[in-house]
2 protein chains.
Amino acid sequence: MSTNFDIAQLRSSCATCSLRELCLPVGLNDQEVHLLGEVVSHKRKIRRGGYLYHTSTKFQTLYAIKSGFFKTCILEEDGRQQVTGFHMTGELLGLDAISGDLHTCDAIALENSEVCEIPFAKLEEISRTIPSLMRHFHRIMSREIVRDHSIMLLLGSMKAEERLASFLLNMSRRFAIRGYSETSFILRMTREEIGSYLGLKLETVSRAFSKLQHETLITVNNKHIQILDLDRLKLKMGNTSCLT
Amino acid sequence: MSTNFDIAQLRSSCATCSLRELCLPVGLNDQEVHLLGEVVSHKRKIRRGGYLYHTSTKFQTLYAIKSGFFKTCILEEDGRQQVTGFHMTGELLGLDAISGDLHTCDAIALENSEVCEIPFAKLEEISRTIPSLMRHFHRIMSREIVRDHSIMLLLGSMKAEERLASFLLNMSRRFAIRGYSETSFILRMTREEIGSYLGLKLETVSRAFSKLQHETLITVNNKHIQILDLDRLKLKMGNTSCLT
DNA sequence: ACCGGTTTTTGATTTAGATCAATTAAACAA
DNA sequence: TTGTTTAATTGATCTAAATCAAAAACCGGT
């Protein structure tokens, strides 16, 4: 909450956690880090199952995930929900709210999590004086668009097993980027949520997991996944360059 | 090509064509319009079937479509292509290239078209001095993300007829925004391209068209579509708030 | 450690849409 | 105009994934 903070601490937090997305690759000087610190200093904790934000929420805030795991989803009027993304430690959340004054989806914590709130207006303001920050922010937005296009490719033309392989490889890569193991990780979401994201029913997801396990490509222990053969898994997903 | 231009002309072109997306809603003063004019003054013509840009093209340019119709698509290694979007007069193209140095898809003209080239670096530069322009640009990017999420919803949980209804209503709305008829329009793309976009085969698209026609919701004359009952078509697509 | 609810797995059956195939219609060039 | 190519429609069949169903594993709370 306080705007009083330690630059060294911010720098190190940039290097290790949530703010890396936003400022690590930019190469800011001390004064710029100071400015940015004022913007990102507000922390917030969300318990497992809790909402980070709701559809139609008005406040325009971005969130850098300091620790934890989220899903974003659209709730249809008939009750079903479509998962539009999963978001892990170090990633940025809330880009959808910029288009209008309202969020267009719900963001729900899949485990106890902590985020930094980033008032978007303030970020715009200081990024005007720090071109590299603005550039970096634009790249993040564009990357989101590109990722969504890969998902469209996946949903539009891949079959169940390819989708799951694609998904696992995407998760693997994102864990690797954050410094976690790329072959052994816990998927916080349920089979149903994976299914919703991949355009499949939960039973189909489960079957696909089993199939990949029988082929000794992965080991499945409920939510704990171990990838036994990354290369062979890549072949599985077809020759597509999917899920950026 | 020239940086010498008439402010009045730019203003009027803003009001009527491609640049509306970029500058119309912003409310710029004369000096700002002048600045913007320097950025968007380079025009380019593309013939039907021609490429506006290729995957892995390096130049970072945005394109405002002055007139015409484009598709963007990802070409898979096995030859199939996934259409990721259709883009009509007045819309902005090329947002995918910001994330890296390369375009991540092809943009192909579906009819003879004309675009304004907007060097992205220059746009960033001048938007630093025009906050409302920057804000507006961010909204455009965010809207793209939100739209992609609607498509994910469509691909993930709608059935063939709902998808087509959703698609037609989206087209209708976009035509309406640009000042064309919302109930009678030409779809420049083939059934195969619609199918690729909607995650369906061309035969299925054709059948869905026929079905909607038999139910007297629309009239189909090859590429010319006439919507007979907008409200009933909206019901068709399920209670989903799809395709922003 | 036990209990009640949720999540996951696996099997049997059904179905929407893919695939295969053939006809008709439109677009285009000579 | 005519012939040639490409696009669209419609029908018959097949299949991947949805749906229905039931058992097994896991989780959180006491």
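At whole-Å resolution of the value, CZ in Arg188(B) and P in dA7(D) are 15 Å apart. In this structure, the CD atom of Gln213(B) is 14 Å from the P atom of dA8(D), given to the nearest Å. Counting to the nearest Å, the P atom of dA17(D) and the CG atom of Leu164(A) are 12 Å from each other. At whole-Å resolution of the value, NZ in Lys201(B) and C1' in dA7(D) are 16 Å apart. Distance Lys223(B) NZ to dT6(D) P: 14 Å, rounded to the nearest Å.
Scanning for salt bridge (Lys or Arg N to Asp or Glu O under 4.0 Å) contacts around Arg48(B) gives an empty result, with sequence neighbours left out. Remark: Tyr180(A) engages no residue in a ring pair (Phe, Tyr, Trp, His ring centres under 6.0 Å) (not counting sequence neighbours). For Arg44(A), the salt bridge (Lys or Arg N to Asp or Glu O under 4.0 Å) partners at least two apart in sequence or on another chain are Glu117(A). Listed by chain and residue number, Glu161(B), Glu215(B) satisfy the salt bridge (Lys or Arg N to Asp or Glu O under 4.0 Å) test with Lys211(B) (two or more places apart in sequence, or in another chain). Phe175(B) meets the ring pair (Phe, Tyr, Trp, His ring centres under 6.0 Å) test with Phe185(B); sequence neighbours excluded. The salt bridge (Lys or Arg N to Asp or Glu O under 4.0 Å) check on Arg207(A) picks up nothing, with sequence neighbours excluded.
A side-chain donor from one of Thr84(A) and Thr72(A) sits under 3.5 Å from a side-chain acceptor of the other. A side-chain N or O of Glu76(B) and one of Ser157(A) form a donor-acceptor pair less than 3.5 Å apart.
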- Spell out protein contact along nucleotides 9-14 of chain D as letters: B when the base is contacted, S when just the sugar-phosphate is, - when no protein heavy atom is under 4.0 Å; keep the 5' to 3' order. BBBB--
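For the helix from dG5(C)-dC26(D) to dA30(C)-dT1(D), the rotation axes defined at the first and last 5 base pairs enclose an angle of 50°, given to the nearest 10°.
Residue pairs meeting the salt bridge (Lys or Arg N to Asp or Glu O under 4.0 Å) criterion with at least one partner in residues 192-203 of chain B, sequence neighbours excluded, are Lys71(B)-Glu193(B). Annotation: ring-ring contact (aromatic ring centres under 6.0 Å, His included) contacts involving residues 199-236 of chain B, sequence neighbours excluded, are absent. Counting only residues at least two apart or in different chains, ring-ring contact (aromatic ring centres under 6.0 Å, His included) contacts with residues 89-117 of chain B comprise Tyr53(B)-His103(B).
Residue-level contact check: Arg48(B) touches the backbone only, with heavy atoms under 4.0 Å from sugar-phosphate atoms and none from bases. If you check every strand for non-hydrogen atoms under 4.0 Å, Gly195(A) touches nothing. Counting non-hydrogen atoms under 4.0 angstrom, Lys211(A) reaches nothing in the nucleic acid.
With a cutoff of under 4.0 Å to any heavy atom of chain A, the contacted region of DNA chain C is bounded 5' to 3' by dT7(C) to dA12(C).
The side chain of Lys159(A) contributes no N or O atom lying less than 4.0 Å from OP1 or OP2 of dA17(D).
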